[in-house]
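Quick notes on the structure that follows.
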Amino acid sequence: AFEEAAEETAEQVVEDEFDADLQTFEFETVIVNRQGRVVEQVQGIARYFVEILRRSQTQQDQRPVSVFVGYSYRDEELKERFEDYLSVLQREGLIDVWHDYAIEPGAEWQSSLQDDYVETAEILLLLVSPDFLVSDFLHSKEFTRAMVRHQDRQIRMIPIILRPCLWQDSPFGRLQVLPTDGRPVTDEWRDEDRAFLNIIQSLRRVADSIQQQRNSVSLDMVAIPGGSFVMGSPEDETGRYEDEEGPQHEVTIQDCFMSRYPITQTQWRAVADLEPVEQELDPDPANFKGDDHPVEGVSWKDAMEFCARLSRLTGREYRLPTEAEWAYACRANTTTPFAFGKTLTDELANYDASEIFAEESKGQYREATIPVKTFPPNGFGLHDMHGNVWEWCLDHWHQNYGKEEGAPIDGSAWLFADDDESRSRARVLRGGSWSYTPRNCRSACRNYDTPDARYNDNGFRVVCAVARTL
């Protein structure tokens with residue numbers, strides 16, 4: 001009966017983030033003063049979807065997805081009913097559930113077995129009720145570690161609201177919850193069966209997605225909310241290139257998705273293996289080797305070919321960001337020289353930190369790229385917007401934003417007429433790199449090169465246009 005009901009419900013459209021393939025992650029970024037000391041820690045949340053670039057051609061990993069369930073002993077009866085529904089996914093071999101431990105109010109989290117399972121589980125289900133919210137589990141190091149694993153996409157933490165409670169004020173209050181819209185199982189549904197079926201339908205999609213990602217190369221695309229910002233740098237900004245970074249002007253950016261970090265060498269190889277659209281691609285162009293290092297040694301034309309192949313593969317429009325989109329995403333609602341505040345340190349970015357920008361101490365000059373996501377993200381959840389590699393943008397290079405030259409104010413690319421001359425004109429690069437000083441890693445700093453140029457500090461990230469309201 002459960003299986004028949006599940007099949008019937010599976011045919012219905014459920015309007016929630018799981019159905020839209022959007023996931024959420026929480027992150028922490030920092031603000032530093034002129035001395036490079038952290039003066040504020042900022043909590044953020046971002047939404048993203050996962051694009052599959054390549055599935056494994058070898059033996060597929062079809063192990064059941066490991067699921068841990070935490071609950072209050074006072075919810076034992078509801079938990080047992082929920083188990084009946086979970087058993088459908090278990091019998092299919094889709095999940096493997098471990099839920100033999102009930103968390104009592106005020107109980108300590110002591111068992112190494114449970115600790116290990118929280119550390120290795122791929123899905124953590126929290127059966128939320130007033131009694132669950134007062135348990136010590138939410139204040140344990142294991143829960144804190146689980147939150148970190150959720151941010152790093154090592155686990156999916158999914159709160160399930162069993163009974164009415166103030167879950168919005170809990171440590172997981174900003175995560176996507178089930179059932180749909182966070183309506184408690186026992187309170188706002190016609191009957192509990194419908195609520196549990198709604199949950200199982202979403203869990204099936206999550207488990208399927210995890211199995212797919214085990215066997216694939218993927219790309220995280222972070223939702224960038226549209227808005228307006230002032231592009232360029234103020235005349236009194238330290239390190240300003242006055243001939244290139246003005247005049248300041250307001251630009252409006254539309255919603256879009258941007259890759260969470262620069263395209264890596266693994267991601268590059270996956271797309272370079274696809275059939276060409278206009279040109280061949282070197283599958284291994286990077287000077288500094290490493291699967292999780294950003295790809296470099298790629299030209300603007302190479303990056304455009306990557307986008308064309310990715311668009312054909314996915315059926316979605318992928319492209320390079322416009323310069324305005326890149327600048328807006330880099331700043332992430334800040335106006336300081338860097339997204340992290342008034343200066344930069346070697347604990348925030350990979351650049352030539354042997355030279356200082358403000359009053360910070362000298363740091364390490366690594367003289368090479370390093371793995372993406374090594375440092376905290378900015379306020380939009382994007383990594384490596386400062387340093388590591390310069391990033392190609394769609395725009396032709398213009399010396400400055402002079403209004404007489406018609407700098408766009410709608411976030412579009414600033415391009416010359418499409419002719420033979422324009423196709424050889426220089427293109428914009430942003431962000432600085434491992435080999436440049438902090439001055440050149442500022443949010444407003446601009447660079448350029450010819451579209452055929454390939455250097456070991458030039459890379460890129462991609463943008464996907466929004467097909468729905470964020």
Side-chain angles (χ1 to χ4, degrees), residues 48 50-58 61 152-154 212-222 257-314 318-321 326 349-351 366-375 377 381-393 427 429-436 441 449 451-464:
Y48 71 105
V50 179
E51 192 73 270
I52 303 300
L53 305 184
R54 181 175 62 196
R55 303 188 191 280
S56 174
Q57 300 301 312
T58 59
D61 180 357
D152 291 340
R153 280 190 55 212
Q154 298 173 1
Q212 290 178 19
Q213 291 173 40
R214 282 183 191 157
N215 303 294
S216 63
V217 176
S218 61
L219 173 67
D220 287 1
M221 297 297 297
V222 176
F257 287 91
M258 182 174 287
S259 51
R260 192 171 179 179
Y261 37 78
I263 296 300
T264 66
Q265 292 174 37
T266 295
Q267 293 166 339
W268 174 267
R269 286 193 297 270
V271 174
D273 285 344
L274 301 174
E275 288 295 319
V277 175
E278 292 188 1
Q279 67 172 62
E280 298 290 337
L281 291 176
D282 181 351
D284 190 22
N287 180 65
F288 305 107
K289 306 299 184 184
D291 288 348
D292 293 331
H293 286 238
V295 68
E296 26 83 6
V298 294
S299 69
W300 182 87
K301 290 182 179 178
D302 294 335
M304 291 290 285
E305 173 69 17
F306 179 98
C307 293
R309 296 189 191 186
L310 182 56
S311 297
R312 186 174 62 186
L313 172 70
T314 63
Y318 279 91
R319 56 175 172 78
L320 294 175
W326 192 99
N350 178 31
Y351 65 103
R366 298 177 176 89
E367 301 186 62
T369 63
I370 62 174
V372 298
K373 289 180 62 181
T374 297
F375 303 110
L382 301 174
H383 294 265
D384 298 281
M385 296 298 284
H386 300 296
N388 224 2
V389 289
W390 286 100
E391 298 181 16
W392 288 110
C393 293
R427 299 285 178 161
L429 290 155
R430 297 295 296 259
S433 77
W434 61 268
S435 64
Y436 276 71
C441 297
D449 218 322
D452 293 307
R454 296 185 177 101
Y455 294 106
N456 64 5
D457 60 354
N458 288 355
F460 68 102
R461 71 180 71 215
V462 297
V463 160
C464 181

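The residues of the chain are indexed from 1 along the displayed sequence. If you're wondering where the values come from, they're calculated on a predicted model, not measured in any experiment.
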* **Option from W392, Y318, F306 for which ring pair (Phe, Tyr, Trp, His ring centres under 6.0 Å) with F460 holds** => F306

* **S435 side chain to S433 side chain, donor-acceptor N/O pair below 3.5 angstrom** =>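 Yes, a side-chain donor-acceptor pair sits under 3.5 Å.
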
* Short side-chain donor-acceptor distance under 3.5 Å, Q265 and D284 ->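 The answer is no; no qualifying pair exists.
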
So which atom in [X] and which in [Y] form the shortest heavy-atom distance, rounded to 0.1 Å?
X	Y	value
R454	S299	CG-N, 3.6 Å
C441	G432	SG-CA, 3.9 Å
D291	R269	OD1-NH2, 2.6 Å
W300	L320	NE1-CD1, 3.4 Å
V295	P285	CG2-CG, 3.8 Å
I52	L313	O-CD2, 4.0 Å

Donor-acceptor pair, side chain of [X] and main chain of [Y], under 3.5 angstrom:
X	Y	value
E51	M221	no
E305	E280	no
W268	P294	no
W326	R461	no
R260	Y48	no
R309	A272	yes
Q267	S218	yes

* Structure fact -> Given the options D302, V298, D449, N458 meets side chain to side chain contact (heavy atoms under 4.5 Å, CB included) only with D449

* **Verdict with reasoning, E296 to F288, per side-chain contact (heavy atoms from CB on, under 4.5 Å)** => CA-CA 8 Å; E296 26 83 6; F288 305 107; 3.4 Å; yes

Do the non-hydrogen side-chain atoms of [X] and [Y] ever get within less than 4.5 Å of each other?
X	Y	value
V50	D220	yes
V271	I263	no
E275	R312	yes
R54	L274	no
H386	Y351	no
M258	V222	no

Would you list the atom pairs, donor with acceptor, under 3.5 Å between side chains in residues 368-375 and any protein atom, with sequence neighbours excluded?
residue: T369; atom: OG1; partner: H293; partner atom: ND1; Å: 3.0
residue: T374; atom: OG1; partner: P371; partner atom: O; Å: 2.5

* Mind checking the CE-CD spacing from M385 to E391? Nearest 0.5 Å is all I need. => 5.5 Å

* Structure fact -> The reported gap from CG in N350 to CG in D457 (rounded to nearest 0.5 angstrom) is 11.0 Å

* Determine whether the aromatic ring centres of W390 and Y436 lie less than 6.0 Å apart. =>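 Distance test on ring centres: under 6.0 Å, yes.
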
